[in-house]
Amino acid sequence: MNGFLTLLKRDLALAVREGGALGTALGFYLIVVTLMPLGLGPDLNLLERIAPGILWVALLLAALLSLPRIFEADHDDGSLDIITLGGLPLELAVAAKALAHWISTGIPLALMAPM
């Protein structure tokens, strides 16, 4: 469990240091949410019916923008090889990286959704 927490802390620190993925995801989300009513037209009944679905689809697409960041940096610098050969089972390593991605990107996007 110590390796899991260490990898989680490392990925969270990297996400904070890089910082660009969250800004890109939030920007994409805001652009989609503001431009969708302009593209659909002024029909308030239609907008009221599809608004929750549009918000969730935009949220999921925004989260997908930062998804390649999970393994790409580790692959580029060679630390992915060390993680896979280390003592931590590969499933736990992937779970730690996915949890770090959710904490650094998913939660801020979900908090942004009601606004």
Side-chain angles (χ1 to χ4, degrees):
M1 201 61 171
N2 190 20
F4 180 84
L5 293 176
T6 303
L7 187 59
L8 179 66
K9 289 178 188 177
R10 175 189 170 271
D11 282 351
L12 287 174
L14 286 174
V16 169
R17 191 178 323 145
E18 290 176 4
L22 180 61
T24 303
L26 286 175
F28 176 82
Y29 178 73
L30 289 175
I31 287 171
V32 169
V33 168
T34 55
L35 290 181
M36 191 59 67
L38 295 174
L40 291 174
D43 186 12
L44 292 178
N45 292 329
L46 174 68
L47 291 175
E48 185 178 324
R49 280 194 330 258
I50 66 170
I54 294 295
L55 291 176
W56 281 110
V57 168
L59 187 69
L60 292 174
L61 288 175
L64 285 177
L65 278 176
S66 61
L67 203 56
R69 182 188 60 82
I70 292 178
F71 294 107
E72 186 175 19
D74 291 334
H75 182 268
D76 290 342
D77 67 4
S79 61
L80 188 59
D81 297 331
I82 295 171
I83 291 170
T84 56
L85 294 175
L88 188 66
L90 195 55
E91 294 84 5
L92 282 178
V94 171
K97 293 183 92 40
L99 182 61
H101 178 262
W102 173 250
I103 291 171
S104 64
T105 305
I107 291 176
L109 281 172
L111 293 176
M112 182 71 173
M115 294 180 192

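Residues take their numbers from the sequence shown, with the count starting at 1. Every value quoted in this text rests on a predicted model; they were computed, and no experiment measured them.
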Visitor: So, for A100 and L8, which heavy atoms are closest and what is the spacing to 0.1 Å?
Guide: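 Nearest heavy atoms, A100 then L8: N-CD1, 3.5 Å.
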
Visitor: If every non-hydrogen atom of L26 is compared with every non-hydrogen atom of L109, which pair is closest and at what distance?
Guide: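 Smallest heavy-atom distance, with atoms named: CD2-CD2, 3.5 Å.
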
Visitor: With rounding to the nearest 0.5 Å, note down the distance linking CD in E72 to CD1 in I70.
Guide: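 Output value for this atom pair is 11.0 Å.
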
Visitor: So which atom in A62 and which in Y29 form the shortest heavy-atom distance, rounded to 0.1 Å?
Guide: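 Here A62 and Y29 meet closest at CB-CB, 4.1 Å.
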
Visitor: CD1 of I50 to CD of E48: how many Å apart, nearest 0.5 Å?
Guide: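 The CD atom of E48 is 11.0 Å from CD1 of I50, to the nearest 0.5 Å.
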
Visitor: Output the distance between atom CG (L59) and atom CD1 (I54), rounded to the nearest 0.5 Å.
Guide: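 Going from CG on L59 over to CD1 on I54, the span is 12.5 Å.
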
Visitor: Using modelled atom types and a 3.5 Å cut-off, is there a donor and acceptor pairing between side-chain atoms of T105 and backbone atoms of W102?
Guide: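 No, because the side chain of T105 does not come within donor-acceptor range (under 3.5 Å) of the backbone of W102.
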
Visitor: Taking all heavy atoms of A93 and all of I83, pick out the closest pair and write down the distance.
Guide: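 For A93 and I83, the tightest heavy-atom pair comes out as CB-CG2, 3.7 Å.
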
Visitor: Above 12 or not: heavy atoms from other molecules or residues under 6.0 Å from CG of D43?
Guide: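 Enclosed.
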
Visitor: With a 4.5 Å heavy-atom cut-off, do K97 and R69 have their side chains touching?
Guide: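 They are not in side-chain contact.
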
Visitor: Taking all non-hydrogen atoms of both residues, which atom of L80 and which atom of F71 are closest, and how far apart?
Guide: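 So the two residues come closest at CD1-CD2, 3.9 Å.
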
Visitor: Working to the nearest 0.5 angstrom, can you tell me the gap between L99 CG and L5 CG?
Guide: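 Answer rounded to 0.5 Å: 9.5 Å.
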
Visitor: Any heavy-atom pair between the side chains of V94 and E91 that's under 4.5 Å?
Guide: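 E91 vs V94: side chains apart.
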
Visitor: With a 4.5 Å cut-off on side-chain heavy atoms, are R10 and D74 touching?
Guide: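 Answer yes - side chains close enough.
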
Visitor: Report the distance from atom CG of L61 to atom CH2 of W56, rounding to the nearest 0.5 Å.
Guide: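 L61 CG to W56 CH2: 13.0 Å, rounded to 0.5 Å.
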
Visitor: I'd like to check L88 versus T6 (side-chain heavy atoms, cut-off strictly below 4.5 Å). Are they in contact?
Guide: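 A side-chain contact is absent here, since even the closest heavy-atom pair is not under 4.5 Å.
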
Visitor: For a 4.5 angstrom cut-off between non-hydrogen side-chain atoms, does H101 reach D11?
Guide: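 Answer no - side chains too far apart.
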
Visitor: Give me the atom names and distance for the closest heavy-atom approach of V33 to P37.
Guide: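 That closest heavy-atom pairing would be O-CD, 3.2 Å.
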
Visitor: With rounding to the nearest 0.5 angstrom, report the CG to CG distance, L60 to L55.
Guide: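 Nearest 0.5 Å value for the CG-CG distance: 11.0 Å.
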
